[in-house]
Amino acid sequence: SPGWLAVAAVGVAVVAYFLGCFNGAVVVSRYILRDDIRDHGSGNAGLTNFYRVFGGPLTAVVILSDVVKAVVAVMFAMFIAGHISPELITLSKYWGGAFCILGHMFPCTFQFRGGKGVLSGGAIAIMIGIGGDGAYQSWLVPLVVWVGFIVLAVATKYVSLGSCWAGFSFPIVSGLVYRDPLIILLAVIMGGLLLWKHRGNMVRIVKGTDSKFVLHKGSRSKLSSAGGSAGEAVP
């Protein structure tokens, strides 16, 4: 019935949002390194800023947490939709994914100061391709998003440029594959939020002042120096 469908939609939205609120960069920096990532670098609570500031093996924990929460959010949405109607599964991926991204970007648990949603968004794009309607067509979504991201990020060393491609291409390819107004709306919201979060990067790219990605240990890594104390910069 419409009533139970609304209850299921709200339930999925709440669960997906709070899963998104578990921000790996903030949790690791605040509760393990005792030094909030949002006080350093660009101030963004995301993977790239965490790696630039801290580096070290804990970067893998940030990656894992941001990927797992997105996968769990989408799988939960699929599970609920599957018990209502198999026709709702694809829509449920976008629905759960959208609220997970909202939680990641605007976590109520961390003063609504979250990340830019690139890694979690990338995981959601892959989940959309897995078991989607239309077999190979569903894989066009993660293929277009990820290939463009990797090519641009590697060729230019601007992770933000690849991220902007992901945000721009995601709603377009989603619309071409699924042609469902609600799916397109959710894709536009996710892609639009990602682009909005990168608005400063876009300006800096045009000016040629945006930071390029390089491999390093992190300017404040507490794991790379035995003598470094918490909160102290390590060369």
Side-chain angles (χ1 to χ4, degrees), residues 5 8-9 12-13 16-17 19-20 46-48 66-82 84-106 115-156 158-199 201-202 205-206:
L5 184 61
V12 168
Y17 173 79
L19 281 169
L47 173 64
T48 302
D66 285 354
V67 169
V68 168
K69 72 182 183 185
V71 171
V72 172
V74 173
M75 288 184 67
F76 177 73
M78 293 171 63
F79 173 78
I80 297 299
I84 298 174
S85 171
E87 295 178 355
L88 295 174
I89 289 179
T90 298
L91 175 60
S92 74
K93 294 180 183 182
Y94 282 84
W95 181 258
F99 281 92
C100 182
I101 289 293
L102 284 170
H104 179 82
M105 292 180 174
F106 309 105
K116 296 181 179 179
V118 177
L119 189 57
S120 293
I124 291 167
I126 292 175
M127 291 299 294
I128 288 170
I130 295 175
D133 295 334
Y136 75 90
Q137 291 97 325
S138 64
W139 275 103
L140 286 175
V141 176
L143 187 66
V144 170
V145 168
W146 271 101
V147 170
F149 171 83
I150 292 171
V151 169
L152 286 172
V154 171
T156 66
Y158 286 125
V159 175
S160 53
L161 185 60
S163 302
C164 289
W165 164 263
F168 175 76
S169 64
F170 180 68
I172 294 176
V173 68
S174 294
L176 291 174
V177 171
Y178 292 114
R179 301 182 184 278
D180 181 293
L182 190 50
I183 285 178
I184 295 172
L185 175 61
L186 292 169
V188 167
I189 291 172
M190 285 189 276
L193 282 172
L194 197 149
L195 288 172
W196 183 78
K197 279 283 190 174
H198 284 84
R199 63 196 184 281
N201 298 92
M202 288 186 252
I205 288 173
V206 172

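A heavy-atom distance below 4.5 Å is not found between the side chains of Leu91 and Tyr178.
Judged by distance alone, with hydrogens and angles left aside, the side-chain atoms of Ser120 form no donor-acceptor pair with the main-chain N or O of Ile101 at under 3.5 Å.
With sequence neighbours excluded, no residue satisfies side-chain hydrogen bond (donor to acceptor under 3.5 Å, both in side chains) with Ser163. With sequence neighbours left out, Ser174 forms a side-chain hydrogen bond (donor to acceptor under 3.5 Å, both in side chains) with Tyr94. Residues passing the ring-ring contact (aromatic ring centres under 6.0 Å, His included) test with Phe168: none are found, sequence neighbours excluded. Under the salt bridge (charged side-chain N to carboxylate O under 4.0 Å, His left out) criterion, Lys116 pairs with no residue at all, not counting sequence neighbours. By the ring-ring contact (aromatic ring centres under 6.0 Å, His included) test, Trp165 is found to be paired with no residue, residues two or more places apart in sequence or in another chain being considered.
What you find for Leu152 and Gly162 is that their closest heavy atoms are CB-CA, 4.0 Å. Of all the heavy atoms in Ala70 and Ile124, the pair that sits closest is CB-CG1, 3.9 Å. Of all heavy-atom pairs spanning Ser92 and Ala77, the tightest one is O-CB, 3.2 Å. Contact between Val141 and Val173 at its shortest, heavy atoms only, is CA-CG1, 3.9 Å. Heavy atoms only, all atoms of each residue included: Phe106 and Tyr17 are closest at O-OH, 2.7 Å.
Taking NE2 of His104 as the reference point, atom CG of Leu19 lies at 13.0 Å (rounded to 0.5 Å). In this structure, CH2 on Trp95 lies 14.0 Å from CD1 on Ile80, to the nearest 0.5 angstrom. Once rounded to the nearest 0.5 Å, the distance linking CZ of Phe79 with CD1 of Ile84 reads 10.5 Å. Remark: Trp139 CH2 to Ile128 CD1 distance equals 11.0 Å, nearest 0.5 Å. For the atom pair CE (Met78) and NZ (Lys93), the distance works out to 4.5 Å, reported to the nearest 0.5 Å. Distance SG/Cys100 to CE/Met105: 10.5 Å, rounded to 0.5 Å.
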*Dump the intermediate steps for side chain to side chain contact (heavy atoms under 4.5 Å, CB included) on Val159 and Val118, then the final yes or no.*
CA-CA 10 Å; Val159 175; Val118 177; 5.6 Å; no

*Are Ser160 and Ile205 close enough, and set up right, to give a side chain to side chain contact (heavy atoms under 4.5 Å, CB included), and what steps lead you there?*
CA-CA 8 Å; Ser160 53; Ile205 288 173; 3.5 Å; yes

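With a 6.0 Å radius and a threshold of 12 heavy atoms from other residues, nucleotides or ligands, Met202 has its CE atom above the threshold.
Cation-pi geometry between Lys69 and Phe76 is not met: the NZ or CZ atom fails to fall both under 6.0 Å from the ring centre and inside 45° of the normal.
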Just distance, no hydrogens or angles: give the donor-acceptor pairs under 3.5 Å from side chains in residues 179-195, sequence neighbours left out.
residue, atom, partner, partner atom, Å
Asp180, OD1, Leu182, N, 2.9
Asp180, OD1, Ile183, N, 3.2

